[in-house]
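See below for the structure under consideration.
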Amino acid sequence: QVQLVESGGGLVQAGGSLRLSCAASRRTISYYAMGWFRQAPGKERDLVAAINWSGATTYYADSVKGRFTISRDNAKNTVYLQMNSLEPEDTAVYYCASDKVPYGSVSTIAAAYDYWGQGTQVTVSS
């Protein structure tokens with residue numbers, strides 16, 4: 001069974017930074033686009049950022065452009081989300097996910113992803 005394990009979440013003050021990591025096992029994620037989603041209480045799970053298999057193409061939600069950076073280290077089978085200038089509105093559970101199709105382009109809908117991590121809580125205090 002493929003496993004994606006997120007880490008790096010926590011409590012931070014507004015304006016601070018966190019770096020999330022997503023480590024994969026039983027799947028070589030270097031072949032797949034990866035995404036970071038987040039879900040706040042009472043809200044839908046939304047895509048925050050995505051990166052294609054090679055790292056050449058990225059996507060960011062408007063709300064995080066200029067503040068978040070997605071990257072990947074295929075040698076370590078790991079994807080990262082660097083989050084700077086955090087705002088209370090960024091508070092949510094953050095999930096990483098792996099695209100279903102190898103060597104595909106960036107996918108912006110949740111249905112395109114087949115494996116998900118368990119999530120890591122990010123809380124930004126004002």
Side-chain angles (χ1 to χ4, degrees):
Q1 180 71 15
V2 174
Q3 286 188 321
L4 302 176
V5 179
E6 301 98 336
S7 61
L11 173 64
V12 65
Q13 288 187 333
S17 298
L18 286 173
R19 187 194 195 203
L20 305 184
S21 298
C22 172
S25 60
R26 301 186 183 92
R27 170 177 274 191
T28 303
I29 63 169
S30 59
Y31 303 148
Y32 297 87
M34 298 291 293
W36 282 98
F37 291 76
R38 68 185 180 188
Q39 187 168 22
K43 295 188 176 181
E44 294 184 352
R45 188 174 298 188
D46 294 324
L47 179 66
V48 174
I51 187 167
N52 80 325
W53 64 275
S54 69
T57 304
T58 56
Y59 165 88
Y60 296 95
D62 288 343
S63 59
V64 306
K65 280 181 181 177
R67 300 188 298 121
F68 290 12
T69 303
I70 188 171
S71 62
R72 64 192 306 156
D73 185 337
N74 286 340
K76 294 183 178 180
N77 223 30
T78 301
V79 176
Y80 305 97
L81 185 68
Q82 177 68 42
M83 305 186 295
N84 298 328
S85 302
L86 282 161
E87 304 168 352
E89 293 74 21
D90 296 316
T91 295
V93 178
Y94 284 71
Y95 301 89
C96 71
S98 178
D99 201 312
K100 294 178 182 178
V101 179
Y103 301 114
S105 58
V106 168
S107 300
T108 60
I109 59 172
Y113 297 82
D114 56 355
Y115 291 105
W116 295 78
Q118 82 290 351
T120 185
Q121 176 70 47
V122 171
T123 303
V124 184
S125 63
S126 57

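Arg26 approaches Gln1 most closely through the heavy-atom pair CD-O, 2.9 Å. Here the closest heavy-atom approach between residue Gln39 and residue Lys43 is recorded as NE2-O, 3.1 Å. Across Val106 and Ala50, no two heavy atoms sit closer than the pair CG1-CB, 3.4 Å. Here the closest heavy-atom approach between residue Ser126 and residue Ala14 is recorded as CA-CB, 4.4 Å.
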Walk me through whether Cys22 and Trp36 qualify under side-chain contact (heavy atoms from CB on, under 4.5 Å). CA-CA 9 Å; Cys22 172; Trp36 282 98; 3.6 Å; yes

Go through Leu81 and Phe68 one step at a time and tell me if the side-chain contact (heavy atoms from CB on, under 4.5 Å) criterion holds. CA-CA 7 Å; Leu81 185 68; Phe68 290 12; 4.2 Å; yes

Would you check, one step at a time, whether the test side chain to side chain donor-acceptor pair (under 3.5 Å) holds for Ser105 with Asn52? CA-CA 5 Å; Ser105 58; Asn52 80 325; over 6 Å; no

Please report the C-alpha distance between Asp90 and Arg38 in whole Å, then the side-chain angles of each, then the deciding distance to 0.1 Å, and finally whether the side-chain contact (heavy atoms from CB on, under 4.5 Å) criterion is met. CA-CA 9 Å; Asp90 296 316; Arg38 68 185 180 188; 2.9 Å; yes

Using the rule given for side-chain contact (heavy atoms from CB on, under 4.5 Å), can you reason through Gln82 versus Ser17, listing the C-alpha separation, both sets of side-chain angles and the distance that settles it, and then say yes or no? CA-CA 8 Å; Gln82 177 68 42; Ser17 298; 4.0 Å; yes

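Residues Glu89 and Thr91 have side chains not in contact (no heavy-atom distance under 4.5 Å, counting atoms from C-beta outward). Annotation: side chain of Leu20 is in contact with side chain of Val122 (closest heavy-atom distance under 4.5 Å). When side chains are defined from C-beta on, Tyr60 does not count as touching Val48, because their heavy atoms never get closer than 4.5 Å. Cys96 places a side-chain heavy atom less than 4.5 Å from the side chain of Leu4. No side-chain heavy atom of Thr69 sits less than 4.5 Å from a side-chain heavy atom of Met83. By the 4.5 Å heavy-atom criterion applied to side chains, Lys65 and Tyr59 are not counted as neighbours.
Tyr80 carries Arg19 over the face of its six-membered ring, with the cationic atom under 6.0 Å from the centre and within 45° of the normal. Figure legend: Arg27 and Tyr115 shown without cation-pi pairing, the cationic atom not lying both under 6.0 angstrom from the six-membered ring centre and within 45 degrees of its axis.
In this structure, a donor-acceptor pair under 3.5 Å is absent between the side chains of Arg72 and Thr78. In this structure, a donor-acceptor pair under 3.5 Å is present between the side chains of Thr123 and Gln121.
In this structure, Ser107 contributes its side chain and Ile109 its backbone to no donor-acceptor pair below 3.5 Å. In this structure, Ser85 contributes its side chain and Arg67 its backbone to no donor-acceptor pair below 3.5 Å. Of the possible polar contacts, none joining the Asp99 side chain to the Tyr32 backbone as a donor-acceptor pair under 3.5 Å is found. Checking side-chain atoms of Lys76 against main-chain N and O of Ala23 turns up no donor-acceptor pair under 3.5 Å. In this structure a side-chain-to-backbone donor-acceptor pair under 3.5 Å is present from Asn77 to Ile29. Judged purely by atom type and a 3.5 angstrom limit, Glu6 has no side-chain atom pairing as donor or acceptor with the backbone of Thr120.
Residues Met34 and Val2 share a single hydrophobic cluster, defined by chaining ILVMFWY side chains whose heavy atoms lie under 4.5 Å apart. Residues Leu47 and Ile51 are members of separate hydrophobic clusters, defined by side-chain heavy-atom contacts under 4.5 angstrom among Ile, Leu, Val, Met, Phe, Trp and Tyr.
Aromatic ring pairs are classed by plane angle as parallel below 30°, tilted from 30° to 60° and perpendicular above 60°; the pair Tyr103 and Tyr31 is tilted. Relative orientation of the Tyr113 and Phe37 rings is perpendicular, given thresholds of 30° and 60° on the angle between their planes.
Within the model, atoms CH2 of Trp53 and CG of Asn74 stand 8.5 Å from one another, a figure rounded to the nearest 0.5 Å. Interatomic distance, CG of Leu18 versus OH of Tyr94, reported as 9.0 Å (0.5 Å rounding).
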